> 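Let me begin by handing over the structure; questions about it come next.
Please read all numbers here as calculations on a predicted model, not as lab measurements.
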Amino acid sequence: TILAGGYEEDVSIINTKILLGLAAIAFALYAQFGPGKFPANWWSVAFCVLCYSALSMIINMYSQRKEGDAFLVCKPRKPGDQGLRLASRMAKYDDKYTLVISSSAMKKSGDYREVTFTDSVAAFFHADSFFSEAAFKPRVEALLVQFESEAAKKSK
């Protein structure tokens, strides 16, 4: 629904994570299969382990900074606009599901917007336990319209 509404997924985030992951794997492979036997090459193995650990930490920090709890991050539709982020929230042992659409701006900035809807999970499933897209889709569309109308109010 969001992607059909004219938004495009921001794949640069996942591409960056893949490139950092490949670099980390390259260090791991070099540590395993590089020249020399272990006690003699322990400096290069130690360096590779440190680089692998540092890249893994960078991937985690980058992911937390760019994605956070979002399962979809979209590019802005027009230059000057902001992208949007979709996130799900559901407390443990609770039947209330919350869908959040927020702007890609930082929460501390004045441009940050967020709209949510919360409903029982049971409202989106058939009696035979299958997900009802027909029940969920209109709620997502309405939430997107609400988000875009708030964006239009702020831009005026």
Side-chain angles (χ1 to χ4, degrees), residues 1-34 44-121 123-125 131-133 135-156:
T1 301
I2 302 297
L3 298 177
Y7 287 93
E8 182 181 347
E9 184 177 2
D10 188 358
V11 294
S12 65
I13 296 169
I14 191 69
N15 289 343
T16 303
K17 288 172 29 179
I18 288 171
L19 288 174
L20 289 170
L22 287 173
I25 290 168
F27 279 110
L29 289 173
Y30 185 81
Q32 182 69 28
F33 301 112
S44 69
V45 171
F47 176 75
C48 289
V49 168
L50 287 174
C51 289
Y52 178 86
S53 300
L55 284 170
S56 295
M57 190 170 53
I58 290 169
I59 290 170
N60 285 328
M61 290 186 323
Y62 178 78
S63 178
Q64 184 62 35
R65 173 87 167 103
K66 292 290 188 176
E67 294 173 318
D69 62 347
F71 61 86
L72 177 65
V73 179
C74 294
K75 296 178 184 178
R77 285 199 287 188
K78 302 179 280 195
D81 280 355
Q82 292 182 13
L84 57 87
R85 302 165 25 116
L86 271 77
S88 290
R89 297 182 184 144
M90 189 170 176
K92 192 174 187 178
Y93 306 118
D94 194 7
D95 73 322
K96 299 296 183 199
Y97 169 77
T98 302
L99 179 66
V100 180
I101 298 179
S102 62
S103 60
S104 58
M106 298 299 296
K107 283 188 178 184
K108 298 171 190 163
S109 74
D111 294 340
Y112 182 77
R113 296 179 312 280
E114 179 177 293
V115 293
T116 65
F117 86 76
T118 302
D119 204 350
S120 173
V121 174
F124 306 117
F125 284 88
F131 178 69
S132 172
E133 186 178 347
F136 190 68
K137 190 175 179 179
R139 297 293 303 267
V140 175
E141 289 170 347
L143 193 63
L144 182 60
V145 167
Q146 180 185 353
F147 177 81
E148 290 174 341
S149 67
E150 285 190 17
K153 287 179 196 173
K154 282 208 172 193
S155 67
K156 288 182 181 179

> Would you compute the distance between atom CG of L99 and atom CG of L143 and round it to the nearest 0.5 angstrom?
5.5 Å
> Output every pair passing salt bridge (charged side-chain N to carboxylate O under 4.0 Å, His left out) with a member in residues 9-19, not counting sequence neighbours, ordered by first then second residue.
K17-E67
> Taking all non-hydrogen atoms of both residues, which atom of F147 and which atom of S102 are closest, and how far apart?
CE1-C, 3.7 Å
> Using every non-hydrogen atom in the two residues, find where K66 and V73 come nearest and quote the distance to one decimal.
O-CG2, 4.3 Å
> How long is the span from the CD1 atom in I14 to the CG atom in L19, to the nearest 0.5 Å?
10.5 Å
> List the residues meeting side-chain hydrogen bond (donor to acceptor under 3.5 Å, both in side chains) with T116, not counting sequence neighbours, and say none if there are none.
none
> Decide side-chain contact (heavy atoms from CB on, under 4.5 Å) for R139 and F124; before the verdict, give the C-alpha distance in whole Å, the side-chain angles of both, and the deciding distance to 0.1 Å.
CA-CA 10 Å; R139 297 293 303 267; F124 306 117; 4.0 Å; yes
> Can you name the ring pair (Phe, Tyr, Trp, His ring centres under 6.0 Å) partners of F131, sequence neighbours left out?
F125, F136
> For residues 46-57, run the donor-acceptor check on the side chains, cut-off 3.5 Å, and write out each pair with its distance to 0.1 Å, sequence neighbours left out.
unit_1, atom_1, unit_2, atom_2, d
S53, OG, V49, O, 2.9
S56, OG, Y52, O, 3.0

> Quick one: list whatever passes side-chain contact (heavy atoms from CB on, under 4.5 Å) with E141, sequence neighbours left out.
T1, K137
> What pair of heavy atoms forms the shortest contact from A31 to V45, and how long is it?
O-CG2, 3.9 Å
> Between Y97 and S88, which heavy-atom pair has the shortest distance, and what is it?
OH-OG, 2.6 Å
> Enter the distance from Y7:OH to L72:CG here, rounded to the nearest 0.5 Å.
11.0 Å
> To the closest 0.5 Å, what do you measure between CZ (R85) and CZ (F71)?
11.0 Å
> With rounding to the nearest 0.5 angstrom, report the CD to CD1 distance, E148 to I101.
8.5 Å
> What distance do Q64 atom CD and I59 atom CD1 have between them, rounded to the nearest 0.5 Å?
14.0 Å
> Looking at residues at least two apart in the chain, or sitting in another chain, which of them share a side-chain hydrogen bond (donor to acceptor under 3.5 Å, both in side chains) with D95?
S120
